[in-house]
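Scroll down for the structure; my scribbles are underneath it.
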Amino acid sequence: MLDIKLIRSNPDFVKEGMKRRNKDMDAVVDEILEIDAKRRELSTKNDGLKAEQNLASKKIPSMKKNGEDTTALMEEMKNIADEIKKDDSLISELETRQRELVLMIPNIPHQSVPSGKDDSDNIEARKFGEPTVFAYEPKAHWDIGSDLNILDPETAAKVTGARFHFYKGLGARLERAVINFYMDTHASRGYTEILPPYIANRTSMTGTGQLPKFEDDMFKLEGLEYFLIPTAEVPVTNMHRDEILSGKDLPIKYCAYSACFRAEAGAAGRDGRGLIRQHQFNKVELVKFVKPENSYDELEKLTGDAEYCLQQLGLPYHVVTLSTGDLGFSSAKTYDIEVWMPSYNRYVEISSCSNFEDFQARRASIRFKNDTKDKPQLVHTLNGSGLAVGRTVAAILENYQNPDGSVTVPKVLVPYMCGIEIIK
RNA sequence: GGAGAGAUGUCCGAGUGGUUUAAGGAGCCAGUCUUGAAAACUGGUGAUAUCGCAAGGUACCGUGGGUUCGAAUCCCACUCUCUCCGCCA
């Protein structure tokens, strides 16, 4: 959510920011300004009436004590009370509408974000390793998975439906090994380990920006205002919702493993096979709460922390800076880390690291004070996958496959695989 | 799932329709005293949002409604916490 004061004082800057995202929101901004002016005028008037009412409430008891007649005053106050009630409901209507409109406006891209129309304008920031070269036609991970009998989407389709997987045997162990490797790595590098609830309420989902806009992409629990989380970002960021943190505790850094649930509405047919696009997948998420002046340094560090895991695994990847046309709704700047996927013959997103600046913090009211005497100010929030686990397993199976159909376990994972070095 | 109790400022806690502009205490800040500290004493101090150049106004006693000239207080609904019972990994 953008600051209403920014919209009020610098509407052109907001409009320009939206145009960089290829969105014309001039009409929305103008309507917000109009409603805001009306709302404030009405509110000032109504506050005056309330002041009058409060004064009368103080006078009436002493008048009664002195035996004076209060019926005239009470009659007058009744009218004022009616007017206050009318104004209050009008004001709250305006507030609701204003908030609705403000929530429609995405974050303003940071000036360092390249302008562009879509993902084709993303810019490669750096590259690690080279695409894996095979002397033979490499197999896709879903074929490897079925040949080794470690991935079983067919049974999952029977038990649940499309876009679910059973992992079996060493496949299940590999998934678990990756989770543990990621969590141990981040925990040993300064992140506090979190295991969050997988269900969040509507307020939390709104706080991090999944709602109201993306309700169709979420799984909602029947008859409840509860949602399956699409990412651990939701519960972990909301841990500090409506809190005022102490400046000396910042930056706060969490790493959280969770299963993630996405309805993938509108993705029919895309990435139909394998582990790339599932309704339920595992992910380790990194979340940071930082002071505004550090947030862009922290974004570089967070991206680096996610990259470190891929380096340890020896998987080729590159990092791209998302252009304004590909930037997520709440983000001011995002790096995507993409891992080399031989079956796709291209890099595939395995992490998305974003600085939301104060956009989420304002929605969720997450603030800090350096000193108890200071005015609280909004923190900046960041998060990034560290990393997507299912896609990691897919990348391992494909990049580490051998001509005989077996898969070599990356060295760092061998201890997590109880010493197993090859899956065959 | 059943029964009961509760939610008040940074914390504890009083308050069941109008001298409550939320008592009192703790904490915090300043001062007195002291070689210094503690203690004691004196004074100050809720947090936040919003409107205003300012003075100041308004809102906020779990949340949302309602009654009333006036609600922390009465009514309705909801959420959460605690205790006991039942069930359960």
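Computed from a prediction, not measured in an experiment: that's the story for all the values here. Chain letters run A, B, ... following the sequence lines, proteins first and then strands; every chain starts at 1.
- A/R362 comes within 4.0 angstrom of no nucleic acid atom, judged by non-hydrogen atoms across all strands.
- Here the separation of B/A39 from B/U34, taken at their C1' atoms, is 11 Å to the nearest Å.
- Going from atom CG of A/N79 over to atom P of B/G70 covers 11 Å, rounded to whole Å.
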For this session: Report, as a single string ordered 5' to 3', how protein heavy atoms within less than 4.0 Å touch nucleotides 54-64 of chain B: B base, S sugar-phosphate only, - not at all.
Result: ---BSS-----
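- Here B/G64 sits opposite B/C76 as a Watson-Crick or G-U wobble pair (both hydrogen-bonding atom distances under 3.5 Å).
- Rounded to the nearest Å, the gap between the C1' atom of B/G9 and that of B/U21 is 15 Å.
- A donor-acceptor pair shorter than 3.5 Å cannot be found between the side chains of A/R21 and A/T324.
- Among the protein residues, A/K59 comes within range of no part of the nucleic acid, since none of its heavy atoms lies under 4.0 Å from any strand.
- Atom CD1 in A/I80 sits about 13 Å away from atom P in B/C69, given to the nearest Å.
- The pair A/K220-A/E225 meets the salt-bridge criterion, with a side-chain N (NZ, NE, NH1 or NH2) lying under 4.0 Å from an Asp/Glu carboxylate O.
- Nucleotide B/A38 forms a pair with no other nucleotide shown, judged by Watson-Crick or G-U wobble geometry with both contacts under 3.5 Å.
- Between A/D88 and A/K85, none of the side-chain N atoms (NZ, or NE/NH1/NH2) sits under 4.0 Å from a carboxylate O, so this pair counts as no salt bridge.
- B/G43: Watson-Crick or G-U partner is B/C29, with both key distances under 3.5 Å.
- Listed nucleotides: B/G70, B/C69, B/U48. Nearest to the side chain of A/I244: B/U48.
- Protein atom NZ of A/K85 is 12 Å distant from nucleotide atom C1' of B/C69, rounded to whole Å.
- If you measure from atom NZ of A/K78 to atom C1' of B/C69, you get 8 Å, rounded to the nearest angstrom.
- The distance between atom CG of A/L49 and atom P of B/C69, rounded to the nearest whole Å, is 17 Å.
- Between the side chains of A/S330 and A/Q360, no donor N or O sits under 3.5 Å from an acceptor N or O.
- With a cut-off of 3.5 Å on both pairing distances, B/A23 has no Watson-Crick or G-U wobble partner at all.
- Here A/A56 lies out of heavy-atom contact (under 4.0 Å) with every strand.
- Nucleic acid contact for A/M77: sugar-phosphate only, since backbone atoms but no base atoms lie under 4.0 Å from a heavy atom of the residue.
- Looking at A/D305 and A/K301, no side-chain N of the basic residue comes within less than 4.0 Å of a carboxylate O on the acidic one, giving no salt bridge.
- Of the residues near RNA chain B, A/L73 and A/K58, the one whose nearest nucleotide (by heavy atom distance) lies more toward the 5' end is A/K58.
- Summarising the base pairing, B/U83 is matched to B/A3 through a Watson-Crick or G-U wobble pair whose two defining distances lie under 3.5 Å.
- We find that CG of A/L245 is positioned 15 Å from P of B/U10, with the value rounded to whole Å.
- Remark: A/K369 is not in phosphate contact with B/U10, judged by side-chain N or O atoms under 4.0 Å from OP1 or OP2.
- Using the Watson-Crick or G-U wobble rule with both distances under 3.5 Å, B/G70 pairs with nothing in any strand shown.
- Of the C1' atoms belonging to B/A71 and B/C75, the separation is 11 Å, rounded to the nearest Å.
- Residues A/E100 and A/R97 are paired through a salt bridge, judged by an N-O separation under 4.0 Å between the basic side chain and the carboxylate.
- Distances were taken from every side-chain heavy atom of A/K5 (C-beta onward) to each of B/G18, B/U50, B/U67; the shortest belongs to B/U50.
- A salt bridge links A/D152 with A/K168; the closest basic N to acidic carboxylate O contact falls under 4.0 Å.
- Taking the P atoms as reference points, B/U73 lies 12 Å from B/A7, given to the whole Å.
- In this structure B/G15 sits in a base pair with B/U8, meeting the Watson-Crick or G-U test at under 3.5 Å.
- On the C1' atoms, B/C11 is 11 Å away from B/G46, given to the nearest whole Å.
- A distance of about 10 Å separates the P atoms of B/U8 and B/U63, rounded to the whole Å.
- Set against B/A49, B/C51, B/U67, the side chain of A/R367 has B/A49 as its closest nucleotide.
- To the nearest whole angstrom, the two C1' atoms, one in B/U35 and one in B/G44, are 28 Å apart.
- The A/R39 side chain lies nearest to B/C51 when the options are B/U67, B/C51, B/C69.
- Remark: the separation of the C1' atoms in B/C41 and B/A55 is 35 Å, to the nearest Å.
- Put simply, the side chain of A/M417 reaches to within 4.5 Å of the side chain of A/L174, judged on heavy atoms.
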Give every pair of a protein N or O atom and an N or O atom of nucleotides 77-81 of chain B that lie under 3.5 Å apart, one pair per line with the distance.
none

For this session: Could you go through the side-chain hydrogen bond (donor to acceptor under 3.5 Å, both in side chains) check for A/Y257 and A/E285 one step at a time?
Result: CA-CA 6 Å; A/Y257 158 73; A/E285 185 76 5; over 6 Å; no
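- A salt bridge links A/E215 to A/R202: one of the charged nitrogens lies within less than 4.0 Å of a carboxylate oxygen.
- Using a 4.0 Å cut-off between charged nitrogen and carboxylate oxygen, A/K15 and A/D30 count as a salt-bridge pair.
- Under a 3.5 Å cut-off, the side chain of A/K288 and the backbone N or O of A/E298 do form a donor-acceptor pair.
- Atom pair A/D82:CG and B/G70:C1' shows a separation of 14 Å (rounding to whole Å applied).
- Comparing A/A81 and A/D36 along RNA chain B, the residue whose closest nucleotide (by nearest heavy atom) sits nearer the 5' end is A/D36.
- One interatomic measurement links the two molecules: CD of A/E95 to P of B/C51, which rounds to 11 Å at whole-angstrom precision.
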